[in-house]
Asker: 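Next up is a structure, given as structure tokens.
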Amino acid sequence: MGFNLGMRCSTVLPNKATLTEKNLPDQSGKVFLVTGASGGLGKLLATILYQHNGKVYLAARSESKTKDCIEEIKAAHPSSKGELLYLNLQLDDLTTIRQTANEFLAKENRLDVLWNNAGVMVPPEGSQTKQGYELQYGVNNIAHFLLTHFLRPALETAANSAPKNSVRVIWVSSSAADAAPNPAIDLTNMDYHREEGAWTKYSRSKAASVVHSAEFARRTKGTGIISLVSIPYFIRALASSFLTTNQALNPGNFVTNLQQNMSKMELNMFKLIASEPINGAYTELFAGLSDTITEEDNGAWVSPFGKLEKVRKDLVDPQLGEEFWNWTLEQVKPYM
């Protein structure tokens, strides 16, 4: 599968979740947006937020699937005073992102937490976005970058009145970011005209989320917005002999619809090391809402299932951050 043996300790032995649906405070009055919320970790996260009276925009491709998801969550939590709203989001087509953001901004002037949760994992070889980008770079990185750009005014508005350190952008990554080559981003090969392995491509896209998070943290310093990487994925000690935050988030190794493109052998191996998906949602929940996180943690890495750690040094290098930010900006300029 191409995993790196040199992963950090929390990848093998995750921390116990300290923020869950059992002790999350009331979220009344807060506005949240979760991309990819029609299933997987995004759905679980949206459920917890709604359960505690939050107003949650579920940004996803399929309206019918997302609305079924909304009705299911509402039925499970009839006493909630929160709201669940569908927001159409087509991350494989940059021409649609402005419309998505405008639809949100027409209804809301504030956004307390943005979870860039949606992602693609090892799609079929040659998969591309509508604009011709390698699908993982296009969806996991470029489209989320543009969406975050458009939603920044709502984040800044929220930061003007929200409790200090509570307004955040969470870039969901993976422990695979630690396995990315060094340099993690090769700006001379973004279209992969020099072919690389499937898992290397995935790890590069996950590392790119970390780089975006760190650079966003630098560029929003002093605005009241905190940027983190969240890492929901971890590898169990059982499988450690087989497999090798702005905060970046690593959700954990979970069997969700992300694994739909794996071979049967890869999926069986993944199931062997998988954790219950709710734990990945707890990691994202901690990154977005833990009151232990402060401005000093801006740009940090949130490991499973809710602990701040340092980011791999080269991924927070200011020069790499600026170069990749500027490259991404050039890609999205026609759609801004």
Asker: Tell me which one of Val34, Thr35, Val169, Leu33 satisfies side-chain contact (heavy atoms from CB on, under 4.5 Å) with Trp115.
Answerer: Val34
Asker: CG of Leu111 to CG of Leu151: how many Å apart, nearest 0.5 Å?
Answerer: 6.0 Å
Asker: Between Asn53 and Asp26, is there a donor-acceptor pair closer than 3.5 Å when you use the side chain of the first and the backbone of the second?
Answerer: no
Asker: Can you find a heavy atom in the side chain of Met336 that is under 4.5 Å from one in the side chain of His149?
Answerer: yes
Asker: Does the ring centre of Tyr57 sit less than 6.0 Å away from the ring centre of Phe104?
Answerer: yes
Asker: Between Ala162 and Ser166, what is the shortest heavy-atom contact and its length?
Answerer: CB-OG, 3.5 Å
Asker: Using a 3.5 Å distance criterion without hydrogens, assess whether the side chain of Thr157 forms a donor-acceptor pair with backbone atoms of Arg110.
Answerer: no
Asker: Test side-chain hydrogen bond (donor to acceptor under 3.5 Å, both in side chains) on Ser209 and Asn141; report intermediate values, then the result.
Answerer: CA-CA 6 Å; Ser209 294; Asn141 310 126; 3.1 Å; yes
Asker: Any ion pair linking Glu125 and Lys201 (charged N to carboxylate O, less than 4.0 Å)?
Answerer: no
Asker: Counting C-beta onward and ignoring hydrogens, is there a side-chain heavy-atom pair between Val167 and Val113 closer than 4.5 Å?
Answerer: no
Asker: Could you go through the salt bridge (charged side-chain N to carboxylate O under 4.0 Å, His left out) check for Glu63 and Lys67 one step at a time?
Answerer: CA-CA 6 Å; Glu63 181 173 6; Lys67 288 189 172 179; 2.7 Å; yes
Asker: Measure from the side-chain N and O atoms of Arg168 to the backbone N and O of Leu114, and report whether any donor-acceptor pair falls under 3.5 Å.
Answerer: no
Asker: So how far is it from Thr66 OG1 to Leu84 CG, rounded to the nearest 0.5 Å?
Answerer: 11.0 Å
Asker: In sequence, state the C-alpha distance, the side-chain angles, and the governing distance for Val311 and Val210, and then conclude on side chain to side chain contact (heavy atoms under 4.5 Å, CB included).
Answerer: CA-CA 8 Å; Val311 185; Val210 181; 3.3 Å; yes
Asker: Okay, side chain of Asn88, backbone of Thr100: is any donor-acceptor separation there less than 3.5 Å?
Answerer: no
Asker: Test side chain to side chain contact (heavy atoms under 4.5 Å, CB included) on Ile185 and Glu323 and set out the steps.
Answerer: CA-CA 10 Å; Ile185 298 169; Glu323 289 176 352; over 6 Å; no
Asker: Locate the shortest heavy-atom distance separating Leu94 from Gln131; write the atom from each residue and the value.
Answerer: N-OE1, 2.9 Å
Asker: With a 4.5 Å limit on heavy-atom distance, are the side chains of Val120 and Tyr202 in contact?
Answerer: no
Asker: Taking it one step at a time, do Thr148 and Trp171 satisfy side chain to side chain contact (heavy atoms under 4.5 Å, CB included)?
Answerer: CA-CA 10 Å; Thr148 304; Trp171 311 74; 3.9 Å; yes
Asker: Show your reasoning for whether salt bridge (charged side-chain N to carboxylate O under 4.0 Å, His left out) applies to Glu322 and Arg218.
Answerer: CA-CA 10 Å; Glu322 182 175 11; Arg218 282 188 283 268; over 6 Å; no
Asker: Please examine the side chains of Lys55 and Tyr50, heavy atoms only from C-beta on, and report whether any two atoms are closer than 4.5 Å.
Answerer: no
Asker: Does any part of the side chain of Asn15, heavy atoms only, come nearer than 4.5 Å to the side chain of Phe305, both counted from C-beta?
Answerer: no
Asker: What are the two closest non-hydrogen atoms of Ala75 and Pro78, and how far apart are they?
Answerer: O-CD, 3.6 Å
Asker: Might you point out which heavy atoms bring Arg98 and Phe150 nearest each other, and give the distance in Å?
Answerer: CA-CE1, 3.5 Å
Asker: Give a yes or no on whether a salt bridge exists between Glu295 and Lys221, defined as a side-chain N under 4.0 angstrom from a carboxylate O.
Answerer: no
Asker: State whether the side chain of Gln136 and the backbone N or O of Val122 hold a donor-acceptor pair below 3.5 Å, judged by distance alone.
Answerer: yes
Asker: Can you tell me if Ser303 and Glu309 form a side-chain donor-acceptor pair at under 3.5 Å?
Answerer: yes
Asker: So, for Val316 and Ala214, which heavy atoms are closest and what is the spacing to 0.1 Å?
Answerer: CG1-CB, 3.8 Å
Asker: Look at the rings of Phe324 and His212 and say which category their plane angle falls in: under 30° parallel, 30 to 60° tilted, over 60° perpendicular.
Answerer: parallel
Asker: Supply the atom-to-atom distance Leu49 CG to Lys30 NZ, rounded to the nearest 0.5 angstrom.
Answerer: 10.0 Å
Asker: Between the main-chain N or O of Phe216 and the side-chain N or O of Thr220, is there a donor-acceptor pair closer than 3.5 Å?
Answerer: yes
Asker: Is Val56 close to Glu83 at the side-chain level, that is, under 4.5 Å between some pair of heavy atoms?
Answerer: no
Asker: Would you compute the distance between atom OH of Tyr133 and atom CG of Asp191 and round it to the nearest 0.5 angstrom?
Answerer: 10.5 Å
Asker: What residue among Thr96, Thr95, Ile97 forms side-chain contact (heavy atoms from CB on, under 4.5 Å) with Tyr335?
Answerer: Thr95
Asker: Take atom CD of Gln128 as the centre, draw a 6.0 Å sphere, and report whether it contains more than 12 heavy atoms from other residues, nucleotides or ligands.
Answerer: yes
Asker: CG/Asn182 to CG/Asp317 distance, rounded to the nearest 0.5 angstrom?
Answerer: 9.5 Å
Asker: For Gln27, is there any backbone N or O sitting under 3.5 Å from a side-chain donor or acceptor partner on His52?
Answerer: no
Asker: Taking all non-hydrogen atoms of both residues into account, name the closest pair between Ala184 and Ala207 and its distance.
Answerer: CB-CB, 3.8 Å
Asker: Would the number of heavy atoms belonging to other residues, nucleotides or ligands and lying under 6.0 Å from CD of Glu195 be above 12?
Answerer: yes
Asker: Starting from the C-alpha separation in whole Å, work towards a yes-or-no answer on side-chain hydrogen bond (donor to acceptor under 3.5 Å, both in side chains) for Tyr282 and Glu21.
Answerer: CA-CA 8 Å; Tyr282 292 156; Glu21 70 278 5; 2.8 Å; yes
Asker: So that I can tick it off, tell me whether Asp92 and Lys130 are bridged by a salt bridge, with the cut-off set at under 4.0 angstrom between side-chain N and carboxylate O.
Answerer: yes
Asker: Measure the spacing between CG of Leu89 and CG of Leu147 and express it to the nearest 0.5 Å.
Answerer: 6.0 Å
Asker: Kindly say whether Thr20 contributes a backbone atom to a donor-acceptor pair with the side chain of Asn23 at under 3.5 angstrom?
Answerer: yes
Asker: Show, in sequence, the C-alpha distance, side-chain angles and deciding distance for Val302 and Lys307, and conclude whether the side chain to side chain contact (heavy atoms under 4.5 Å, CB included) test is met.
Answerer: CA-CA 5 Å; Val302 179; Lys307 182 182 178 182; over 6 Å; no
Asker: If the threshold is 4.0 Å, N to carboxylate O, is there a salt bridge linking Glu196 and Arg204?
Answerer: yes
Asker: Just by distance, with hydrogens left out, do Thr188 and Arg194 show a side-chain donor and acceptor under 3.5 Å apart?
Answerer: yes
Asker: Side chains of Leu87 and Leu58: does their closest heavy-atom pair fall under 4.5 Å?
Answerer: no
Asker: Output yes when a side-chain donor or acceptor of Asn140 lies under 3.5 Å from a complementary backbone atom of Tyr137, and no otherwise.
Answerer: no
Asker: Determine whether Lys43 and Cys69 make a side-chain contact, defined as any pair of heavy atoms from C-beta on separated by less than 4.5 Å.
Answerer: yes
Asker: Taking 4.0 angstrom as the limit, do Glu215 and Arg219 come out as a salt bridge?
Answerer: yes
Asker: So does Ala60 get a backbone contact from the side chain of Tyr86, meaning a donor-acceptor N/O pair under 3.5 Å?
Answerer: yes
